[in-house]
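Remarks on the structure that follows.
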Amino acid sequence: MDGAPLPRDFFDGPVETVAPLLLGSVLVHATDEGTVAVRLTEVEAYAGPRDPASHAYRGQTARNAVMFGPPGHAYVYFTYGMHYCANLVCGPAGTASGILLRAGEIIGGEELAVARRPRSSVRDLARGPARLCNALAIARAENGLDVCDPDSPLRVLPGDRIDAAAVRSGPRVGVNGGKDTPWRFWIDGDPTVSVYRPHVPRRRTAARP
DNA sequence: ACGCCGATTTACT
DNA sequence: GTAAATCGGCGTG
């Protein structure tokens with residue numbers, strides 16, 4: 001897995017424009033265990049403070065601070081008490097927009113990815129945002145890394161160009177606000193695209209008599 | 001095939 | 001207190 005990462009200006013544009021162009025690109029994470037690479041097949045765009053579904057909607061906090069920084073950096077957040085999800089910051093600094101990496105196909109280091117996720121089939125290794133982070137060992141330590149830096153352990157490399165006709169879009173997964181915004185993008189027919197689950201409010205888990 | 005549920009942190013009301 | 005950019009296990013059909 002070699003070659004120059006995507007240039008920073010690739011990410012320096014409207015997030016909903018950049019997100020579909022990111023499909024087919026390759027995210028690489030090198031650790032002391034080895035290197036795993038994933039070809040991105042599904043992403044979601046989140047705009048800044050004007051997008052009710054975005055973590056930046058209510059302004060800057062300690063968690064989302066990276067979103068307010070320069071483009072081309074990884075915003076990794078922890079959710080549901082156990083999972084990590086990764087975004088790539090987009091647009092000019094301060095725009096606070098990001099592209100959630102929802103799914104991909106493992107194209108390098110499959111053995112290591114399987115070792116990290118022994119219960120998953122090969123197809124499921126990075127099929128879902130938290131699974132993708134798990135397979136690539138992306139966690140808190142990777143928050144803020146520059147994916148355009150050739151020396152960074154976490155990088156994004158250009159991939160084969162995806163024909164625009166092969167890119168499909170639809171509503172984002174698991175979000176309440178902005179359901180009418182079709183900012184989920186995926187490669188049509190790719191088996192590693194996550195299964196679409198419409199948002200269903202979960203019943204409260206609290207207070208039982 | 002599908003539905004329910006628990007795990008358990010973070011941010012916000 | 002409670003919902004959240006989730007996942008895997010276990011139940012039922």
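Keep in mind that the numbers below use all heavy atoms, side chains included, and drop hydrogens, waters and symmetry copies. Numbers restart at 1 for each chain; the letters A, B, ... are given by sequence-line order, proteins then strands.
A stacked arrangement is not assigned to A/Y80 and the six-membered base ring of B/dA7, the conditions of a centre distance below 5.5 Å and an interplanar angle below 30° not being jointly met.
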Practice prompt. Show your working on side chain to side chain contact (heavy atoms under 4.5 Å, CB included) between A/L125 and A/V38 and close with a plain yes or no.
Written response: CA-CA 10 Å; A/L125 284 172; A/V38 66; over 6 Å; no
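Whole-Å rounding puts the A/F78 CZ to C/dC7 C1' distance at 13 Å. As rounded to whole Å, 19 Å separates atom P of B/dA7 from atom CG of A/N134. The distance from atom OH of A/Y57 to atom P of B/dA11 is 18 Å, rounded to the nearest whole Å. Rounded to whole angstrom, the span from the NE2 atom of A/H83 across to the C1' atom of B/dA7 amounts to 8 Å. In this structure, A/I99 places its CD1 atom 18 Å from P of C/dA5, rounding to the nearest Å. Atom-to-atom, CZ of A/F185 to P of C/dA5 comes out at 18 Å; the value is rounded to the nearest Å. Note: OH (A/Y84) to P (C/dC7) measures 15 Å, nearest angstrom. If you take CG of A/N143 and P of B/dT10, they are 12 Å apart, rounded to a whole angstrom.
Taking the side chain of A/R63 as heavy atoms from C-beta on, and the options B/dT10, C/dC7, C/dG9, the nearest nucleotide is B/dT10. Checked against C/dA5, C/dC7, B/dA7, the side chain of A/M82 finds its nearest nucleotide in B/dA7. Distance from the side chain of A/Y46 is smallest for C/dA5 among the nucleotides C/dA5, C/dC7, C/dG9. The nucleotide whose nearest atom lies closest to any side-chain atom of A/R119 is, among C/dT6, C/dA5, C/dG9, C/dG9.
Residue A/R58 has a polar side-chain atom (N or O) positioned under 4.0 Å from OP1 or OP2 of B/dT13. For the OP1/OP2 pair of B/dA11 and a distance below 4.0 Å, the side-chain nitrogens and oxygens of A/H55 include no atom meeting the criterion. Between A/R127 and C/dT6, a side-chain N or O to OP1/OP2 separation shorter than 4.0 Å is absent. The side chain of A/R140 places no N or O atom within less than 4.0 Å of a non-bridging phosphate oxygen (OP1 or OP2) of B/dT9.
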Scan the side chains in residues 13-23 of chain A for donor-acceptor partners under 3.5 Å anywhere in the protein, sequence neighbours excluded, and list what turns up.
none

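For A/F68, there are no ring-ring contact (aromatic ring centres under 6.0 Å, His included) partners two or more places apart in sequence or in a different chain. Legend: residues meeting ring-ring contact (aromatic ring centres under 6.0 Å, His included) with A/Y84, ordered by chain and number and at least two apart, are A/F78. With sequence neighbours excluded, the residues forming a salt bridge (Lys or Arg N to Asp or Glu O under 4.0 Å) with A/E33 are A/R116, listed by chain and number.
Counting non-hydrogen atoms under 4.0 angstrom, A/N87 reaches a base of the nucleic acid.
In the hydrophobic clustering, A/V193 connects to A/W186, either directly or through intervening members, whenever side-chain heavy atoms lie under 4.5 Å apart.
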Worksheet item: Dot-bracket for DNA chain B: what is it, with Watson-Crick or G-U pairs under 3.5 Å, [ ] where a pair crosses earlier ones, and | for a pair to another strand?
Response: |||||||.||||.
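The pair A/R39-A/D160 does not meet the salt-bridge criterion, since no charged nitrogen lies less than 4.0 angstrom from a carboxylate oxygen.
At a threshold of 4.5 Å between non-hydrogen side-chain atoms, the residues A/P158 and A/L6 count as touching.
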